[in-house]
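Following: one structure in structure tokens, then a few remarks.
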There are 2 protein chains.
Amino acid sequence: MDDQESLGKVEVSLTPAQRFEEFLQLRGMRMTEQRRQLLDHVFRRHEHFDVEELILQLPRRNQPGHVSRPTVYRTLNEFVDAGLLRRFELDGRAVYEHDYGYPAHDHFYCEKEGKLIEFQNDELVELIQKIAAQHDFQVHSHRLIIYGSSKEGRENNRRKKRRQDMV
Amino acid sequence: MDDQESLGKVEVSLTPAQRFEEFLQLRGMRMTEQRRQLLDHVFRRHEHFDVEELILQLPRRNQPGHVSRPTVYRTLNEFVDAGLLRRFELDGRAVYEHDYGYPAHDHFYCEKEGKLIEFQNDELVELIQKIAAQHDFQVHSHRLIIYGSSKEGRENNRRKKRRQDMV
DNA sequence: TTGAATGCAAAGGATTTGCAGAGGC
DNA sequence: GCCTCTGCAAATCCTTTGCATTCAA
């Protein structure tokens with residue numbers, strides 16, 4: 001699978017659903033109602049999410065379109081194997097984001113808002129390659145999270161503090 | 001606490017044990033045999049470790065110097081709060097490394113060997129600051145892991161492959 | 001028809017917690 | 001002596017798994 005690091009180039013000819021279909025065929029796996037349902041929900045928006053969030057968005061038990069928790073976990077793993085999603089850990093739980101057809105990026109994590117913010121920087125990718133080369137290390141991928149506070153986080157915080165001061 | 005990102009400068013006047021002692025005092029907490037024992041084991045060597053590894057190094061149950069699992073977890077959290085350790089997640093479990101008195105660094109993760117390798121690069125820290133500034137983001141810390149394969153990993157792999165080919 | 005996928009319940013692994021007794025200061 | 005800390009067992013959280021049934025091809 002083509003997961004060598006590159007500079008934000010994105011080549012897409014197939015939709016995620018089509019690409020997953022290929023993946024299934026190749027492995028003798030089947031396209032089911034549940035997998036279709038999850039493809040729909042997961043690739044409708046470009047936001048990262050955790051399993052809990054995803055399950056809350058899906059129809060409840062005994063509702064049409066419901067997918068059981070184990071199947072959600074199983075299918076997300078398949079999406080990762082198929083190169084559709086990337087997975088990382090934040091505060092001990094898995095977070096997923098689009099990989100296929102979505103430009104490579106990194107994240108700020110605003111500790112005041114508990115929020116992930118994406119950014120893209122080619123210089124960074126180049127520097128990482130350079131550092132790796134210096135150490136004879138062959139890069140496959142990387143994960144960078146910059147912790148701190150965004151402008152919004154700092155402003156909300158100030159507002160909250162003022163409010164507290166008034167009490 | 002002084003956890004603003006800086007360029008590998010390290011100012012240390014106290015040993016980790018002394019600094020932890022201060023931390024305890026400030027909070028009306030006590031220096032116990034178990035905390036002493038863990039300080040000893042954790043700061044004896046500069047290697048990252050996970051809880052399982054640490055516990056294996058400690059005396060077994062009913063041996064002098066033994067520390068129970070919950071206390072290990074509790075104490076590691078305290079070390080993190082005290083700024084002595086930094087914690088991150090790898091494959092769903094917590095990994096700890098020295099923070100206090102130890103130069104800031106990042107990691108390669110060799111996927112062939114399952115091994116973390118440290119590196120230090122000031123250019124990277126500067127670039128992160130620059131990117132953050134561009135986004136009005138105030139940096140508190142960061143975590144970068146570069147996944148791939150080290151020279152050793154690639155060589156061991158080749159050796160293994162050859163061996164397999166012979167079968 | 002046939003093997004793969006699902007849902008359920010239950011297991012698993014890592015970490016935390018309630019509580020009674022032990023132990024710093 | 002007081003209040004924190006410890007160890008035990010049990011709970012929690014997230015995720016995976018075994019198995020009988022359902023279902024895609």
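Chain naming here is simple, since letters A, B, ... match the order of the sequence lines and numbering starts at 1 in each.
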Subject >> Side-chain N,O (A:Gln34) to OP1/OP2 (C:dG7) below 4.0 Å >> reply: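 Yes, A:Gln34 has a side-chain N/O under 4.0 Å of OP1/OP2 on C:dG7.
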**OP:** Would you tell me if any nitrogen or oxygen in the side chain of B:Thr32 comes within less than 4.0 Å of OP1 or OP2 on D:dT6?
**Re:**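 Affirmative; the distance criterion is met.
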Whole Å only: how far is the [atom1] atom of [X] from the [atom2] atom of [N]?
X: A:Gln25; N: C:dG3; atom1: CD; atom2: P; result: 19 Å
X: B:Gln37; N: D:dG7; atom1: CD; atom2: C1'; result: 16 Å
X: A:Leu24; N: D:dC23; atom1: CG; atom2: P; result: 18 Å
X: B:Gln63; N: D:dG7; atom1: CD; atom2: P; result: 14 Å
X: B:Leu38; N: D:dG7; atom1: CG; atom2: C1'; result: 14 Å
X: A:Glu33; N: D:dA24; atom1: CD; atom2: P; result: 8 Å
X: B:Leu39; N: D:dC5; atom1: CG; atom2: C1'; result: 15 Å
X: B:Arg61; N: D:dA9; atom1: CZ; atom2: P; result: 8 Å

Minimum-distance nucleotide (side-chain atoms of [X] versus [options]):
X: B:Val67; options: D:dG7, D:dA24, C:dT15; answer: D:dG7
X: A:Pro70; options: C:dC25, C:dA4, D:dT17; answer: D:dT17
X: B:Arg30; options: D:dT15, D:dA24, D:dC3; answer: D:dC3
X: B:Tyr73; options: C:dT15, D:dT15, C:dC8; answer: C:dT15
X: B:Thr71; options: D:dG7, C:dG24, C:dT16; answer: D:dG7
X: B:Arg87; options: D:dC2, C:dT17, C:dT15; answer: C:dT15
X: A:Arg74; options: C:dT16, C:dA5, C:dC8; answer: C:dC8

Original post:
Between B:Tyr109 and B:Tyr147, how do the two ring planes meet: parallel, tilted or perpendicular, split at 30° and 60°?
Top reply: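 Correct class here is perpendicular.
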Original post:
Hey, what's the ring geometry for B:Phe23 with B:Phe20, parallel, tilted or perpendicular (30° and 60° as the breaks)?
Top reply: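 Rings of B:Phe23 and B:Phe20: parallel, under 30°.
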Subject >> Distance-only donor-acceptor test, B:Arg35 side-chain atoms vs D:dC5 base atoms, 3.5 Å >> reply: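 Result: no qualifying N/O pair found.
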Subject >> Side-chain donor/acceptor contact of B:Arg69 with base of D:dG7 under 3.5 Å >> reply: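 Result: no qualifying N/O pair found.
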**OP:** Quick one: do A:Glu22 and A:Arg19 satisfy salt bridge (Lys or Arg N to Asp or Glu O under 4.0 Å)? Show the steps, please.
**Re:** CA-CA 5 Å; A:Glu22 280 194 351; A:Arg19 177 156 165 165; 6.0 Å; no
Can we call the ring centroids of [X] and [Y] under 6.0 Å apart?
X: A:Phe108; Y: B:His135; value: yes
X: A:His105; Y: A:Tyr102; value: yes
X: B:Phe88; Y: B:His107; value: yes

Original post:
If each of B:Glu21 and B:Val95 is mapped to the nucleotide of DNA chain C with the nearest heavy atom, which maps nearer the 5' terminus, i.e. the 5' end?
Top reply: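 Residue closer to the 5' terminus by nearest nucleotide: B:Val95.
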Subject >> Along DNA chain C (nearest heavy atom to each residue), the more 5'-positioned of A:Ser68 and B:Ala94 >> reply: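 In this pair, the answer is A:Ser68.
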